[in-house]
Number of protein chains: 2
Amino acid sequence: MDSSTNGVKPGRATLATIAEAAGVSIATVSKVVNGRQDVSPGTRAMVEDLLRQHYYTGRGGSRQPCVEVVFAGPLAAYSNEVMEGVLQAAAEPGVAIMLSKGRIGSTPTAWALGVAKAGRSAVISVSNEMAEEDATALARAGVPLVVIDPLTPAGADVISVGSTNYFGGISAAEHLLSLGHTRLAYLGGGADAGCNQARWQGFRSTLEAAGHPVTPDRVRHGTFRYAWGVAGGEQLLALESPPTAVFAGSDEIALGLIEACRRRGVRVPEDLSVVGFDDTQLAEICSPPLTVVRQPLREMGSVALRTALRLAAGAAVDSHHVELATSLVVRASSAPPSSSARVP
Amino acid sequence: MDSSTNGVKPGRATLATIAEAAGVSIATVSKVVNGRQDVSPGTRAMVEDLLRQHYYTGRGGSRQPCVEVVFAGPLAAYSNEVMEGVLQAAAEPGVAIMLSKGRIGSTPTAWALGVAKAGRSAVISVSNEMAEEDATALARAGVPLVVIDPLTPAGADVISVGSTNYFGGISAAEHLLSLGHTRLAYLGGGADAGCNQARWQGFRSTLEAAGHPVTPDRVRHGTFRYAWGVAGGEQLLALESPPTAVFAGSDEIALGLIEACRRRGVRVPEDLSVVGFDDTQLAEICSPPLTVVRQPLREMGSVALRTALRLAAGAAVDSHHVELATSLVVRASSAPPSSSARVP
DNA sequence: CTGAAAGCGCTTACAG
DNA sequence: CTGAAAGCGCTTACAG
């Protein structure tokens, strides 16, 4: 059954179209559209369904389509990469991109209805803790949602775009092993974040298989931010037997770790190798430039936008979770362990 | 004469309102609104004027107000600070923020008319080379424009927001002089950029007055980007008598310079002090953290948004160029010159 | 809770 | 190039 063409007539739907399909008067449909109270719940639900099925847009017809991109946290190097991808994919079809910080101080339902009323074709939520209720409210308001790099493993009915985090962890481990490191550590992001867990498990399993397991004191989870990189980095460097190489859960964490090293006089990469994750602008710009597991953030943004537009057009989506490939980018922050470290 | 209330009736203007004021039929006004060709140029001009004076918005009335923020270049740490300020100021009045890369591949007029037709209340252009024609086209389309950190000195009829660049240059010079440096250099951004010139002149004049003028070989202008920081930095470090301290025209340039130092084994701040300009996230996050002249980018974004909304509401603006204060933030990239450098 | 009917804002084919 | 007139999509006060 193809629900996308299920009894929908060609041409823009008007109130009359919906009224006929619903077997009610135009006046009643108008009331539903305007959220008036004097409509029975049953009638309202049926009419709302039909409005959606017929892509009812109101007199204005379709204004310029607009997709809202929601960043819950502060804008950072990470968000820039994603936005560049989104903007690039939006340019050709002429879609407007709205930036927001998401629902703040209103109920999920009110927010979602506002988004729908403002005419957003879809919402892209980036790497944040969009609550279950918000996603549900959007769905009820008929606004498609695509999540980039979801913190929680993709729920059954949430469309998401991510990258091969587990494989990324493996490639970080293989790189550091190949340089000759045996005392390795993981300085991770949010303990609950699905992507963080995947990175860690990939890293861990590879090192275990190689006979150099990560000891419990050399694993720390915190947040994906710089401040945690400094704090967690200091903890790792203060260990009795500190690591000779650290895999960080994000570029920001890696930079914090490098700052912790500077404060202690630990040289990167001579005394400590550091591998980051993301490959944002930070990785190229910092000193030394960061060896990283690259996540194709721009492409993820582009894919998210194209997926959002397909959903907005009522098309079915093949896959509920698209996963793009990570790759290792070797720069100057990783090197073989110094001889003193290699020969304990 | 108060043109903002000049004969404008209260309540939303309709085609009938305009038709009456213009002394033409409703049909003619409708044609003008829809850009039809069968209207004489004189009638069209008069009706367009009246539409603007009456804030004609069409049936939909005023949708959610939306301001378009244009970044011509790549999104970077700089743009994030500005955007945070814009978003913050937009949250309370409930204004939507659209992000774009500006006019690409269309004529200024077509672009400006598209912006107007899409219902943008105003445009904020950030630190880019928005051509004279684009600004003029926007004005003709009746869309207010605010420029942040304009590259060219504020034109008579462009509203802009900036910071005290000249004073920033002075404070960088004073800071480095007070540390005991006498061999100083300027690694600047775009030679033509007004803000770059102001930074340089403030720096230069202070050093001249102190009896430690910047020699011509220690002044380089390029771009505001990282890549130039590396290239220009290498030129400065290769001088026969290299500087002991460098004032960089942006944070990105400063980071490039630090990378150039790393490649040559020059230590920051032991062998070379570096002062950046902007105080983006990069300055806090890099290693060593950057001493910078802080530009209040968030506040500049907020001020730009509020100004844009005032213009969109038809209010007059007190000042055509608002200038916010810079301040020195001392971190770890500046220190007294090493003894070998101090005693030549 | 529903809809017939009046009426608003707008568009457009067509006569002049 | 202009406008009278027909008509569309929508809303709403009101009768049932």
Side-chain angles (χ1 to χ4, degrees), chain A residues 7-65 113-114 116-121 140-142 314, chain B residues 7-65 113-114 116-121 141-142:
Chain A
V8 176
K9 289 182 190 167
R12 199 147 39 245
T14 66
L15 290 192
T17 322
I18 309 297
E20 195 195 337
V24 298
S25 72
I26 289 175
T28 299
V29 179
S30 173
K31 288 172 189 170
V32 171
V33 168
N34 292 288
R36 308 224 152 227
Q37 288 313 306
D38 53 347
V39 182
S40 74
T43 306
R44 175 186 306 282
M46 177 187 56
V47 171
E48 276 175 344
D49 273 0
L50 286 166
L51 287 167
R52 220 165 286 146
Q53 279 174 40
H54 290 258
Y55 309 117
Y56 178 77
T57 56
R59 285 185 283 214
S62 57
R63 312 166 184 172
Q64 184 187 22
L113 287 175
K117 188 153 196 173
R120 313 289 175 241
S121 306
R140 256 180 305 163
Chain B
V8 176
K9 290 183 190 168
R12 202 151 30 247
T14 65
L15 290 193
T17 320
I18 309 298
E20 196 194 338
V24 299
S25 72
I26 290 176
T28 300
V29 179
S30 174
K31 287 172 190 169
V32 172
V33 168
N34 293 289
R36 308 222 152 231
Q37 288 313 307
D38 53 348
V39 182
S40 72
T43 304
R44 175 187 306 281
M46 176 187 56
V47 170
E48 276 175 343
D49 272 359
L50 285 165
L51 288 166
R52 221 166 284 148
Q53 277 173 42
H54 290 257
Y55 308 118
Y56 178 78
T57 55
R59 283 186 286 215
S62 57
R63 313 166 183 173
Q64 185 187 21
L113 287 176
K117 186 152 197 175
R120 312 288 175 238
S121 307

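Every chain is numbered from 1, with letters handed out A, B, ... down the list of sequences.
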dT11(C) phosphate, OP1 or OP2: any side-chain N/O from S30(B) under 4.0 angstrom?
yes
Considering only nitrogen or oxygen atoms on both sides, find all protein atoms under 3.5 Å from nucleotides 2-5 of chain C and state each distance.
| unit_1 | atom_1 | unit_2 | atom_2 | d |
| --- | --- | --- | --- | --- |
| dT2(C) | OP1 | S40(A) | OG | 3.4 |
| dT2(C) | OP1 | T43(A) | OG1 | 2.7 |
| dT2(C) | OP2 | S40(A) | N | 3.1 |
| dG3(C) | OP2 | S25(A) | N | 3.1 |
| dG3(C) | OP2 | S25(A) | OG | 3.4 |
| dG3(C) | OP2 | T28(A) | OG1 | 2.9 |
| dG3(C) | N7 | K31(A) | NZ | 3.4 |
| dG3(C) | O6 | K31(A) | NZ | 2.7 |

What integer distance in Å separates Y56(A):OH from dC10(D):C1'?
7 Å
Show me, range against range, the stems involving DNA chain C, built from at least 3 consecutive Watson-Crick or G-U pairs below 3.5 Å.
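As far as DNA chain C goes, consecutive pairing (with distances under 3.5 Å) yields the stems C:1-3 with D:14-16, C:5-12 with D:5-12, C:14-16 with D:1-3.
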With rounding to the nearest 0.5 Å, note down the distance linking CG in D49(A) to CE in M46(A).
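The CG atom of D49(A) sits 9.0 Å away from the CE atom of M46(A).
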State which residues pass side-chain contact (heavy atoms from CB on, under 4.5 Å) with L113(B); sequence neighbours excluded, sorted by chain then number.
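For L113(B), the residues satisfying side-chain contact (heavy atoms from CB on, under 4.5 Å) (neighbours in sequence not counted) are T109(B), A141(B).
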Side chain of L15(B) (C-beta onward), nearest among dG9(D), dC10(C), dT12(C):
dC10(C)
T43(A): which residues meet the side-chain hydrogen bond (donor to acceptor under 3.5 Å, both in side chains) condition with it, sequence neighbours left out?
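With neighbours one apart ignored, the set is S40(A).
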Under the side-chain hydrogen bond (donor to acceptor under 3.5 Å, both in side chains) rule, collect the residues that match up with T14(A), sequence neighbours excluded.
T17(A)
Show me the pairs that pass salt bridge (charged side-chain N to carboxylate O under 4.0 Å, His left out) and involve residues 34-47 of chain A, at least two apart or across chains.
K31(A)-D38(A)
Closer to the 5' end of DNA chain D via nearest nucleotide, is it A16(A) or P41(B)?
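Checking each residue's closest nucleotide, the 5'-ward one belongs to P41(B).
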Side chain proximity check, L15(A) to Y56(A), heavy atoms < 4.5 angstrom:
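Sidechains of Y56(A) and L15(A): in contact.
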What residue among V47(A), V24(A), L50(A) forms side chain to side chain contact (heavy atoms under 4.5 Å, CB included) with V32(A)?
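Exactly one pass, corresponding to V47(A).
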